[in-house]
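Throughout, residue positions are numbered sequentially from 1 according to the sequence presented. On a predicted model such as this, the values are computed, not experimentally measured, just so you know.
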Amino acid sequence: MATKDFVHGEKQPAYTGDDPAHDIDRASNHEVISGLHRRLSNRQIQWIAIGGSIGTALFVSIAWGLVEGGPGSLFISFALYCMILALANSCMAEMTVFMPVVGGWVRMGSKWVDEAYGFMAGWNFFLYEAVLIPFEISALNLVLTFWRDDIPVAAVVAACIVLYGIINLFAVRAYGESEFWLASGKIILIFMLFAFTFVTMVGGNPTHDAYGFRYWKEPGSFAAYIHKGSLGRFEGFLGAFFQASFTCVGPEYVAMVAGEAIYPRKTIKTAFKTMYFRFGLFFIMGALCVGIILPSNDPTLNDMLFGDGNGAGTGASSPYVIAMKNMGIGVLPDLTNALMVTSIFSAGNSYVYCATRTLYSLSMDGHAPRFLQKTTKAGVPIYCFCVTMFFPILAFLSVGRAASQGVKWLANITQAAQLMDYIFMCTIYLFFYRALKVQGYDRNQLPYKGWGQPYVAIAGIILFSTTLAIYGYATFYAFDVGTFMTYYAMCFICIVLYVGFKVLKRSKFVKPEEADLLWERPQIDAYEASIDPPLVLWEDIWLTITFKKKKAQKYDA
């Protein structure tokens, strides 16, 4: 069979066919697909990719990994999990750059695997994103206790709901612009914390104590968790590894914005290719820094996590802030905490966006009520947004109980869903790979070719499945149904979703020769061929921060 090449069309007018799902917004000269507008510029895409990967867990929840595993286990586990996550990134990059559609990989499951599989994957991802919104709000309440412990939790929850609503009810470019500036705050924060770690460890602190890697020696690199001895140290490593599996994210957020990117193939490809760099810089370096600045047996940290809640109530919110206070450093803890507040708020804002678009894509495929496809003139799925905004109400669970317990409970609920998302991504890729091969597509001609395929996808399925199977093992030591369900509830929900859809709709697996590899490619090809390439990233950023007029007005988002 002759192989098919993937070739972009010649320069031509924007697509103006009769496809009701595809049109041009004449007022803004932006492409409109299925009611959504392509208005996210290059800089916004790249910064959203950063903002989506840096969340609460890197600054707050990572403390669990340090206490349970120690600095050595924390560093090794984060490095190991980032390597595993790179497998899913390779799969997602090839599929998304090839077909940058609204809904991303969620809809690919229905098109290339099985409609029941897409239904299950879509609802799992929606619930995961939606539940993360109250998780971030609960974490925000925890961080705010640094300044005072009598801030009304309900007032913070209500304020977040209102602000998320204001940002996400405007056009997608308003969301993109807000995330650009909020993500910039995250970048400043993470580099500031890296600098703090280096300067203080070599003696640049009030006591001039060059502590270096002291805490790796005392109390030690590998802490024991649950049991003592070698078994306890191995369980400590598992605790740190499971924390890494919750903290390290990224590919899913890039895929979700592909349908609203101005020049999707070029900007999305760049975002995926730089994801590996982000894994190493933000997550692995972040884990290393936390293990340097604070011992795993720090009394304030342990009181916050395992005590009676007084530690959280007095404002011990982050390993970085605790370390600064231990060293007697003033002002910097307040600045760190302030930037952390904006970082956590940004993460919740991203989850509102992703949950809304996921629900919208489910409706497009007939997997959610059709009325959810209603969009505003600005391209916002208004009813999907309204449904999503019911979930932040769960943050009120933090009222009347320790905020740290609310954070931990919500983290457990969502962690299984997150691991399952990566299993779904790798599985969908295998079907995509098989369809390309059977239909005679030359992968060397794809706009982006993932490395090591299909073995990378197979390895990803095995490793993510293993992590999912064992990450709640501790519940079996003293079995409790409630605790067990917080770890594995999403697994059972997905089984019910898949089997239920299969029985009711009698869907069948898509044959490789029948998989729709054309889909929206003609429209996307014609659209990209009709516009100028995006501005170079740093030029785009410079023109933005200097408020200068951009050369290509089409990218002035």
Side-chain angles (χ1 to χ4, degrees), residues 51-52 54-64 129-170 174-175 178-179 181-183 185-186 189 246 303-305 307-322 325 333-356 385-414:
I54 303 177
T56 305
L58 188 61
F59 304 118
V60 180
S61 305
I62 195 173
W64 290 95
E129 293 293 316
V131 171
L132 278 177
I133 304 170
F135 165 75
E136 296 296 336
I137 297 176
S138 296
L140 185 62
N141 272 303
L142 175 62
V143 171
L144 287 174
T145 60
F146 171 77
W147 288 299
R148 53 188 300 169
D149 57 6
D150 60 347
I151 298 176
V153 174
V156 175
V157 174
C160 286
I161 292 174
V162 171
L163 290 174
Y164 288 154
I166 292 174
I167 293 173
N168 284 272
L169 276 177
F170 288 99
Y175 163 76
S178 67
E179 277 304 294
W181 293 105
L182 288 171
K186 291 185 182 183
L189 173 60
F246 177 70
D303 182 53
M304 178 184 74
L305 300 180
D308 58 7
N310 292 331
T314 55
S317 56
S318 163
Y320 294 103
V321 174
I322 295 172
K325 294 179 68 176
D334 293 277
L335 177 60
T336 300
N337 215 67
L339 287 172
M340 206 175 296
V341 168
T342 62
S343 175
I344 293 171
F345 177 83
S346 169
N349 190 39
S350 295
Y351 299 143
V352 171
Y353 170 86
C354 287
T356 301
F385 168 77
C386 292
V387 172
T388 299
M389 291 307 292
F390 278 106
F391 284 84
I393 298 175
L394 291 174
F396 286 105
L397 289 171
S398 293
V399 178
R401 62 184 298 181
S404 60
Q405 291 302 314
V407 171
K408 187 67 174 177
W409 184 75
L410 290 171
N412 288 342
I413 286 289
T414 58

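- One finds the CG atom of L335 at 5.0 Å from the CG atom of L339 (value rounded to the nearest 0.5 Å).
- Between S318 and V143 there is no side-chain heavy-atom pair separated by less than 4.5 Å.
- Between I393 and I161 the shortest heavy-atom distance is N-CD1, 4.4 Å.
- Under the 4.5 Å side-chain criterion, counting only non-hydrogen atoms from C-beta, V60 is in contact with M340.
- Atom OG1 of T336 and atom NZ of K325 lie 12.5 Å apart (nearest 0.5 Å).
- Atom CG of L132 is separated from atom OG of S138 by 11.0 Å, given to the nearest 0.5 angstrom.
- Counting heavy atoms from C-beta on, the side chains of Y351 and P392 never come closer than 4.5 Å.
- At distances below 3.5 Å, not a single donor-acceptor pair connects side-chain atoms of N168 with backbone N or O atoms of V352.
- Between F135 and L140, every side-chain heavy-atom pair lies at or beyond the 4.5 Å cut-off.
- Across L144 and I151, no two heavy atoms sit closer than the pair O-CD1, 3.8 Å.
- Not counting sequence neighbours, the partners of A183 by the side chain to side chain contact (heavy atoms under 4.5 Å, CB included) test are W47.
- You'll find the side chain of W147 reaches within 4.5 Å of the side chain of D334, heavy atoms only.
- Between the CD1 atom of I137 and the CZ atom of F391 there is a distance of 12.5 Å, given to the nearest 0.5 Å.
- Residues N337 and V321 come closest through the heavy atom pair OD1-CG2, 3.9 Å.
- Under the side chain to side chain contact (heavy atoms under 4.5 Å, CB included) criterion, L163 pairs with F345, sequence neighbours left out.
- Scored by the side chain to side chain contact (heavy atoms under 4.5 Å, CB included) test, A355 finds F126, E129, A130, T388 as partners (sequence neighbours excluded).
- Contact between S178 and N349 at its shortest, heavy atoms only, is OG-ND2, 3.6 Å.
- Of all heavy-atom pairs between L189 and S343, the closest is CD2-CB, 4.4 Å.
- Residues F59 and P319 approach most closely at O-CD, 3.4 Å, considering heavy atoms.
- For F385 and Y164, the distance between ring centers is not under 6.0 angstrom.
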